[in-house]
2 protein chains.
Amino acid sequence: MASNDGTVGKALEVLDQVASYGRPVRFSELIDASPFPKATLYRFVQTLTSQSMLAYDPDRGTYAPGVRLVRLAHAAWQQASLAPIAREEIDLLSAEVGETVHLAQLDNAQVIYVDKRNAADPVQMYSQAGKVGPAYCTGVGKAMLAYLPENELADVLGQQSYHRFTDSTHTSPDSLREELGDIRANGYGFDREEHEPGIICVALPILSETNRVLGALSVTSTTTRTNLAGLEGLVPRIQTAAAAIAKEASAWQFPATAANS
Amino acid sequence: MASNDGTVGKALEVLDQVASYGRPVRFSELIDASPFPKATLYRFVQTLTSQSMLAYDPDRGTYAPGVRLVRLAHAAWQQASLAPIAREEIDLLSAEVGETVHLAQLDNAQVIYVDKRNAADPVQMYSQAGKVGPAYCTGVGKAMLAYLPENELADVLGQQSYHRFTDSTHTSPDSLREELGDIRANGYGFDREEHEPGIICVALPILSETNRVLGALSVTSTTTRTNLAGLEGLVPRIQTAAAAIAKEASAWQFPATAANS
DNA sequence: AACAAGGTTTCATTATTTGAAACTTAGTTT
DNA sequence: AAACTAAGTTTCAAATAATGAAACCTTGTT
């Protein structure tokens, strides 16, 4: 992915790098970790700053992701994500099952959580939406991978880290592939404490009419509260929600443009 | 701004264009409204899609802002925005005054709302955070403009539309400049129904130790509930919050990096 | 005063972008 | 079923922009 998208791709690589620090960074820190020569990186950072994609703090000489991203993300979240469409269904679902519900989509080879509803404490969206996670060891990740066309799947499987988080984490594409077959057969999959000990979930894909993967929906719980069989009992209810979201998504088309100021 | 940032600037221009539609768009719609020749726009859209900055819907042949933006925005919101820092103060403030509180920052020449708290009905953030508004006719906008250094101010004033929303909207840089002087003198400013009839607010800037504009804080109400004098009474309380946020912002530095998965 | 380190600018070379035009589909119309 | 049309895609020489080594500032340090 990173390769061969010319200058724009390289600039976005720099943007990702800055974002990855999780705090404002100095130019010198960036150059130490950058494949680009000083002058080149310098120009990228200048350009991105001038475009408000990065914010420069002159008091400290640091760079951070810029506010223009927040504006663009607003648009992305509303349009490209299932979140606004799925909102009501997720509210209902989480209230009904009394557990945490996640709505996720695939960004490249990673899972990106676009919404989350916790039965207990009400939302705090921006701080949760946008979080990324691994695809190979999460319920939502595997549910989406299971329905990817072979050519895309091969690509995505090659990009996973297969880091062993727990004893039940998949550590190779082969064992993962096997489970993906099961998921396709059942229509749903589990996270068997593969990412965090004690945390389990059931996940279902959200598919378009043409069977493209739009996203995934999951209900998460802990081994102290329930078990896989318990979660499996929720599948029909989650299936209903997933189907409703898919239907909404396909209806959601060209809602007569409104002019803007 | 749009000028002279090379290929990257142009690509981001395209990204903005797509985002501006508020719905998925076809390539043909983009080309009709684009200054770029077909082949050039085509390559931009390809590149942005390959980078997940745009999402392509193959069923419908449409483009929309991509999920990578949501991920980047998460980083932007946490780091570049005052929102996470200001959260508690805003909670307190809105609970105490019982009115809507806005936290805004400047993105180029526009106001971008990074957080909002409504005393009455609890938040629905993503739908609000990221929203943009005009700087010349909003409380937060004017509060920030008032403390901008002259060279930046001139630039920003030139970019305002001066559209007359109501009878009290500023329609020229000159009358606006005059009010900015008053705001600087008082330390706070009003929105006198300049954007929407019946809606008024008091706004204060949030300034760094070196007096750079970090953002602005406002309390909004309606003419049926209160008046300017009533809002003015809240200034000391808002000032406390603004000062606390500024202090937090300056302390918030290099909080020991955590490695990421 | 000499020395670094972080940051910024220069400029000839090199590689990428540019865009008119030609080409492919797929969907109409005569 | 042939001729038209609109939308999307590819080509390629010319024009333009990106590159990066090295020199140059600036600010803080020994």
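Note on naming: letters A, B, ... go to the chains in the order of the sequence lines (proteins, then strands), and numbering restarts at 1 for each one. Computed over heavy atoms, backbone and side chain alike; hydrogens, waters and symmetry mates excluded.
- For residues 143-153 of chain B, the pairs satisfying side chain to side chain donor-acceptor pair (under 3.5 Å) are Glu150(B)-Arg177(B), with sequence neighbours left out.
- Taking the side chain to side chain donor-acceptor pair (under 3.5 Å) definition, one finds that Thr49(A) meets it with nothing, sequence neighbours left out.
- Distance Glu13(B) CD to dT18(C) C1': 15 Å, rounded to the nearest Å.
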Under 3.5 Å, which protein N or O atoms sit close to an N or O of nucleotides 25-29 of chain C? Give each pair with its distance.
none

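- Contact footprint of chain B on DNA chain D: nucleotides with an atom under 4.0 Å from a non-hydrogen protein atom, first to last in 5' to 3' order, dG8(D) to dA18(D).
- In this structure, Tyr136(B) has its ring center at least 6.0 angstrom away from the ring center of His170(B).
- The CG-P distance, from Asp5(B) to dT17(C), rounds to 16 Å in whole Å.
- A search for salt bridge (Lys or Arg N to Asp or Glu O under 4.0 Å) contacts involving Asp182(B) returns nothing, not counting sequence neighbours.
- With sequence neighbours left out, Ser34(B) forms a side chain to side chain contact (heavy atoms under 4.5 Å, CB included) with Gln17(B), Phe36(B), Leu41(B).
- Ala75(B) is linked by a side chain to side chain contact (heavy atoms under 4.5 Å, CB included) to Ala19(A), Pro65(A), Gln79(B), counting only residues two or more places apart in sequence or in another chain.
- For Ser208(A), the side chain to side chain donor-acceptor pair (under 3.5 Å) partners are Thr210(A), not counting sequence neighbours.
- Here Asp155(A) pairs with nothing under the salt bridge (Lys or Arg N to Asp or Glu O under 4.0 Å) rule; sequence neighbours left out.
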- Query: Base, backbone or nothing for each nucleotide of nucleotides 6-13 of chain C, written B, S, -, heavy atoms under 4.0 angstrom, 5' to 3'?
  - Reply: -BBB----
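- Between Thr40(B) and dT17(C), a side-chain N or O to OP1/OP2 separation shorter than 4.0 Å is absent.
- Under the side chain to side chain donor-acceptor pair (under 3.5 Å) criterion, Tyr63(A) pairs with no residue, sequence neighbours left out.
- Glu89(A) meets the side chain to side chain donor-acceptor pair (under 3.5 Å) test with no other residue; sequence neighbours excluded.
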